[in-house]
Amino acid sequence: MQHRRTFLEHVAQYAAPEDRPHLDCLFQGLVRAVGEIVYRMARVGLLNLDGRAGGVNASGDDVKKLDLIANDILIDHVGGSAAVAYVGSEENEEPIACPEGGEGPYVFLIDPLDGSSNIDANVGVGTIFSILRVKQNAASAQDHFLQKGTEQVASGYVLYGPGTLLVYTLGNGTNGFTYDETTRSFGHSHEDIRTPDRGDIYSINEGYSYRWIPEVARYVNHVKVPRDGRTPPSARYIGSMVSDVHRTLLYGGIFLYPEDQENERGKLRLLYEGNPLAFLAEQAGGAATDGRRRILDIQPKELHERVPLIIGSSRDVAMYGEFREGKR
Ligand code: AHM
Ligand code: MG
């Protein structure tokens, strides 16, 4: 196999000099954590890590589901690095203070296993991460996390699919790497990902159409009809957002998880899902909004706050905005 630049080499080349040693330390922990998750992911049915887990095994030990195991692995390996002062996770109510990284420059945010309800069906799932700097004069641990997405030092996801991919940005483009279990490293496989400015795929849970707000219904009805001699659109909704967003970044189109008549903020979390994916999308030339505002400009008020998320090709996201604002 051709030798490719590794993920850690890429970070060393493109991170700002003051961040380089700290990011290297953090990402070494991430690569180790991914190795452990991949090992288990490939053996879910053999290690009793599927939906049947969650009780007590024959030895009386707690059997944890893979999303909780992934959470523990990431907290151990990344939270255990000297670069990380706090970890915030979709799985934990409160921020976790990291003794090793008490003086570390970063807070690390994770959705440890997004789409985990799909694991039993062997569908691709993902880990989403975001890195912020610790705040000077923070009033509380939570205060470190309540920063706009524009403040992210880096973000990314790991997609556990037929291959394991890591896609990340430091704010100078979006790049993808493929995991090689034999060397336990990621090789550069997707250089400078660019999302087409328009796409032919829309991705939304149509099962919720009974509770859509009228603006969403009008938009979806509009995109379904081929216009201007363009390719007829295709619907694709895996229900595992990292897979859906990864496809959208590569092929173009739009992914929508909007607010609806039952959930006025939608489902997805601003800090653990919205911000990191929005940073990646923008760095690939795409866009991400809540329908009205750029995701990265939203000032978070709570650690687990939810946000409508519309992400993908810039022209498609802009057109959704026109429908959402009632202009069309
Ligand atoms: P999770 O973080 O609890 O896994 O929820 C997020 C997931 C996304 O991966 C996916 O896009 C969405 O939930 C699917 O939700 P729904 O079944 O409501 O369409
Ligand atoms: Mg999630």
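In each ligand, atom 1 is the first atom listed, and ligand 1 is the first ligand listed.
Between K135 and D143 there is a salt bridge, since at least one side-chain N of the basic residue sits less than 4.0 Å from a carboxylate O of the acidic one. In this structure, E206 pairs ionically with K224, as a charged nitrogen and a carboxylate oxygen lie closer than 4.0 Å.
The count of protein N, O or S atoms under 2.8 Å from the Mg ion (ligand 2) stands at 3, with waters excluded from the count.
Not one N or O on the side chain of T127 forms a donor-acceptor pair closer than 3.5 Å with the backbone of Y157.
The aromatic rings of Y320 and Y219 stand perpendicular to each other, their planes meeting at an angle above 60°, with 30° marking the opposite boundary. Using bins of under 30°, 30° to 60° and over 60° for the plane-to-plane angle, the ring pair F129/F27 lands in the perpendicular bin.
Remark: of the listed residues V223, I310, I311, I310 is the sole one forming a side chain to side chain contact (heavy atoms under 4.5 Å, CB included) with I254. Checked options T248, I128, V125; the residue passing with M241 is I128 (criterion: side chain to side chain contact (heavy atoms under 4.5 Å, CB included)).
Here CH2 of W212 is found 12.0 Å from CD of Q261. Values are rounded to the nearest 0.5 Å. Atom CZ of R306 is separated from atom OH of Y272 by 11.5 Å, given to the nearest 0.5 angstrom.
Using a 4.0 Å heavy-atom criterion, the residues that approach ligand 1 are E90, D111, D114, G115, S116, N205, Y208, Y237, G239, S240, M241, F255, Y257, K267, L268, E273.
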